[in-house]
Amino acid sequence: QVQLVESGGGLVQPGGSLRLSCTASGSISSIDAMGWFRQAPGKEREFVAAIRDGAETTWYEGSLKGRVIISRDNAKNTVYLHMFRLKPEDTAVYYCATYRGLGRLESLGSYDNWGQGTQVSVSS
């Protein structure tokens with residue numbers, strides 16, 4: 001399995017933007033889908049977005065539509081998460097993961113390989 005490394009997190013003010021990157025140690029071309037999840041302190045890890053290989057199909061958590069964009073560059077073995085108009089409630093550790101090919105895209109159990117995460121803090 002490939003190793004995943006997230007980057008791009010940091011401290012931003014409300015209303016700001018960030019682009020998170022998830023770079024794999026090997027090719028992601030054969031991976032059906034890649035996903036982003038986040039986990040805030042004291043809360044369960046939750047689905048953010050996913051993107052399927054071989055198509056431009058994307059999925060987003062409903063409340064985040066319009067504020068996040070997921071993209072994929074297989075040539076760079078990288079998946080991105082663009083976030084806009086950030087809110088304090090977006091503060092969390094953001095993780096990328098590889099979809100195992102079965103199950104709902106928004107379910108934790110549908111992913112079999114995870115990165116270490118990158119911290120996003122939104123505060124004034």
Tightest non-hydrogen contact, residues Tyr111 and Ala50, listed as OH-CB, 3.6 Å
With rounding to the nearest 0.5 angstrom, report the OG to NZ distance, Ser63 to Lys87. 8.0 Å
Just say parallel, tilted or perpendicular for the rings of His82 and Tyr80, cut-offs at 30° and 60°. tilted
Judged by modelled atom types alone, do Asn77 and Thr23 share a side-chain donor-acceptor pair under 3.5 Å? no
Using a 3.5 Å distance criterion without hydrogens, assess whether the side chain of Ser110 forms a donor-acceptor pair with backbone atoms of Arg104. yes
Should Phe37 and Tyr95 be marked as a ring pair (Phe, Tyr, Trp, His ring centres under 6.0 Å) after you check the CA-CA gap, both sets of side-chain angles, and the distance that decides it? CA-CA 5 Å; Phe37 289 74; Tyr95 301 88; 8.9 Å; no
Kindly give the heavy-atom pair with the smallest separation between Ser17 and Arg85, and that separation in Å. OG-N, 4.3 Å
Of all heavy-atom pairs linking Val93 and Gly117, the shortest is CG1-CA, 3.8 Å
Any donor-acceptor pair under 3.5 Å from Ser121 side chain to Gly10 backbone: no
Keeping Tyr60 on the side-chain end and Ile70 on the backbone end, is there a donor-acceptor pair under 3.5 Å? yes
Pair Arg72 + Asp53: basic N to acidic O under 4.0 Å: yes
Any sub-3.5 Å donor-acceptor pair from Glu61's side-chain atoms to Lys65's backbone N or O? no
From CA spacing to verdict: side chain to side chain donor-acceptor pair (under 3.5 Å), Ser27, Asn74: CA-CA 7 Å; Ser27 176; Asn74 287 353; over 6 Å; no
With sequence neighbours left out, the residues meeting side chain to side chain donor-acceptor pair (under 3.5 Å) with Asp90 are Arg38, Arg67
Asn113 and Leu4 have their tightest heavy-atom pair at O-CD1, 3.6 Å
Under the rule for side chain to side chain contact (heavy atoms under 4.5 Å, CB included), what residues qualify as partners of Thr118, not counting sequence neighbours? Glu6, Leu20, Tyr94
So, for Ile28 and Thr78, which heavy atoms are closest and what is the spacing to 0.1 Å? CD1-N, 3.9 Å
Which heavy-atom pair separates Gly9 from Val120 by the least distance, and what is that distance? CA-CG2, 4.1 Å
